[in-house]
Asks: 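Below is one structure. I have some questions about it.
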Amino acid sequence: MSITEEIQRRRTFAIISHPDAGKTTLTEKLLLYGGAVQLAGSVTARKNQRATTSDWMELEKKRGISISSTVLQFDYDGYRINLLDTPGHKDFSEDTYRVLTAVDSVVMVIDSAKGIEPQTRKLFEVCRQRGVPIFTFMNKCDRPMKNPLELLDELERVLGIGAFPVNWPIGNGPDFQGVYDRQTKTMHTFERVVGGKYRAPVSVGGLHDPAVRGNLSEADFHKTLEELEMLEHAGESFDDAAVLAGKTTPVFFGSGVNNFGVQLLLDGFLKHSPAPKSRVMGGIEISPENPEFSGFIFKIQANMDPRHRDRIAFIRVCSGKFDRDMTVHHSRSEKKVRLSSSHKLFGNERETVDEAYPGDVIGLVGHDSFGIGDTLTTDPKILYKEIPRFTPEAFSYLHNPNTGKYKQFRQGLEQLLQEGVIQTLYLRNSSIKTPLLAAVGPLQFEVVQFRLESEYGAESRLEAAPWSVVRWLPTDIKEEELDALSLPTGARLAYDIGKNPVVLFQNDWSANYFGETNKNTPLSALPVQTAKE
Ligand SMILES: Nc1nc2c(ncn2[C@@H]2O[C@H](COP(=O)(O)OP(=O)(O)OP(=O)(O)O)[C@@H](O)[C@H]2O)c(=O)[nH]1
Ligand SMILES: [Mg+2]
């Protein structure tokens, strides 16, 4: 296969949404229909039930929520799929946003009973800014749902994106009959049995065919017919260009947990979603066909497999071909490094990979100097600056109550900091040795504590810190200038991990007050990025 053919068969996408809409469940079912797993796990992790491939972390299994994004690579129908399941909770959105830099399209999952929820809206905005094509899965159609026309209207009104229904739900909640595929004019009937089977699709003569109606009452069917006829009357056809430009989202209805509508989504998505395309960096366009290898690290994760206590750097390949053992330029250290230990990933399972192409996400092991955001390339002129940063809003001291475990505590925390699970700050002129942690949301503290204990055997204790706002000072500010600043009551000077000076404030009011009284010292919500970051 030529490199162009390899690129064209790659599909790299993320599943995104508000918590609990059913991303991990859908991921699992896509794996099932994609032939990548034999038996789909259940997120409800009841006793003796398999956990999902995607939520492999101890705390995820325990809580039944996703905490960390997961990469799953598999082959289906000639495609090489790189699927990324993301956490929905806003406290973990830094991880989700990083994943969005690494994908070429997304599947947005919506709980059909709830419609568009706040976190979905935020993630959608990020996709739109990045110009990422969006496919929509209206999930949980087995339960009472909003009127489907209303759901489409919400997409247009709340998100401002055109909606093209690929299929249409017939009936609702307990009367849900299945979906009508508008492209092929076939009816896919849903059977209410445990595990949610569906019968083979039947071709239908027209909308009035009894197979479409199923058991629906005359009145309900009439209403559905009207909706469908309205759609048909609008006469729109699938507009690939509008989808690729992010102006229209194809909408599929179904029920992940019941395996319903998953095959239609998978096939429809693969047919219309984009292969990797060029990226523009600093005004230069880097095509995937560019013969120079390049990619960037968007995630780091340690201890994925208890048998190998090591850390994996996840790289998205953007151009050229990756060969195992190749030597590349590493942007942060400006050194040449040999990439000998490379893996394809499937949840927490991994397998050595000898070559990879643009679109692929692969895991690199054994490079402690790699950090999130680093570029690896055979052409040092290429430098990706993709990784978004978030401003912490929660602050807490982390104590080590067991001095005998000092080493484990330190080591574990250092690793979690490197993964970007949380940030740390150092108070200026302070003798306090207790780390001050800074998080986007408080659930991150819980993850740190849990992972310290389960992965490093180190206990910890949190102590609330009195601040809620952090602002970065100009990086070139001098020590004497820091001494001379007049700080509002309760505010403190500190440094981030890159030794950039920050001010911690008790509240927004205090931060604003500082801004007014120190007009020559601008504050920013994020550190000013340097070239190496
Ligand atoms: N009735 C019904 N329940 C569903 C469906 N799909 C998923 N669920 C349930 O919804 C709950 C949440 O599912 P998950 O797949 O964990 O949701 P998620 O979006 O991955 O959640 P986070 O990763 O924590 O953001 C689970 O209890 C699922 O069993 C569906 O089609 N119908
Ligand atoms: Mg999940």
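Just follow the structure's listing: the first ligand is 1, and inside any ligand the first atom is 1.
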Asks: Taking only heavy atoms of Val257 into account, list the atoms of ligand 1 that are under 4.0 Å away from them.
Replies: 2 (C), 3 (N), 4 (C), 5 (C), 6 (N), 29 (O), 30 (C), 31 (O), 32 (N)
Asks: Side chain or backbone, does Asn258 bring an N or O within less than 3.5 Å of an N or O on ligand 1?
Replies: no
Asks: Examine Cys141 against ligand 1 and note whether any of their N/O atoms are separated by less than 3.5 Å.
Replies: no
Asks: Is there a nitrogen or oxygen of Ser255 sitting under 3.5 Å from a nitrogen or oxygen of ligand 1?
Replies: yes
Asks: With Leu26 as reference, evaluate Leu31, Val107, Asn139 under the side-chain contact (heavy atoms from CB on, under 4.5 Å) test and give the passing residue.
Replies: Val107
Asks: As an exercise, identify every atom of ligand 1 less than 4.0 angstrom from a heavy atom of Gly256.
Replies: 31 (O)
Asks: Which atoms of ligand 1 are found less than 4.0 Å from any heavy atom of Thr24?
Replies: 15 (O), 18 (P), 20 (O), 23 (O)
Asks: Is it the case that over 12 heavy atoms from other parts of the model lie below 6.0 angstrom from the CD atom of Glu463?
Replies: yes
Asks: Do the side chains of Glu419 and Arg311 get close enough for a salt bridge, i.e. N-O under 4.0 angstrom?
Replies: no
Asks: May I ask you to decide whether Arg63 forms a salt bridge with Glu446, counting only side-chain N to carboxylate O separations under 4.0 Å?
Replies: yes
Asks: Assess Thr24: does it contribute an N, O or S atom lying under 2.8 Å from the Mg ion (ligand 2)?
Replies: yes
Asks: Quick test of your reading of the structure: of Asp20, Thr25, Ile65, whose heavy atom lies closest to atom 28 (C) of ligand 1?
Replies: Thr25
Asks: Using 2.8 Å as a strict upper limit, say whether an N, O or S atom of Ser66 approaches the Mg ion (ligand 2) that closely.
Replies: yes
Asks: Indicate, as side chain, backbone, both or neither, the part of Lys140 found under 4.0 angstrom from ligand 1 when only non-hydrogen atoms are considered.
Replies: both
Asks: Can you confirm whether His222 is buried at NE2, in the sense that more than 12 heavy atoms of other residues, nucleotides or ligands lie under 6.0 Å from that atom?
Replies: no
Asks: Checking contacts here: is it the side chain or the backbone of Asp142 that comes within 4.0 Å of ligand 1, counting heavy atoms only? Could be both or neither.
Replies: side chain
Asks: Considering the heavy atoms of Gly88, write down every atom of ligand 1 situated less than 4.0 Å from one of them.
Replies: 25 (O)
Asks: Should the ring pair Tyr384 and Phe296 be called parallel, tilted or perpendicular, given that the plane angle runs from 0 to 90° and is split at 30 and 60?
Replies: tilted
Asks: Checking ring pair (Phe, Tyr, Trp, His ring centres under 6.0 Å) between Phe164 and each of Phe238, Phe135, Phe252, which is the one that passes?
Replies: Phe238
Asks: Please could you name the atoms of ligand 1 that Pro19 approaches to less than 4.0 Å, counting only its heavy atoms?
Replies: 25 (O)
Asks: Keeping the roles fixed (side chain from Lys23, backbone from His18), state whether a donor-acceptor pair exists under 3.5 Å.
Replies: yes
Asks: Using a strict cut-off of less than 4.0 Å between a Lys/Arg side-chain nitrogen and an Asp/Glu carboxylate oxygen, indicate whether Lys140 and Asp111 qualify as a salt bridge.
Replies: yes
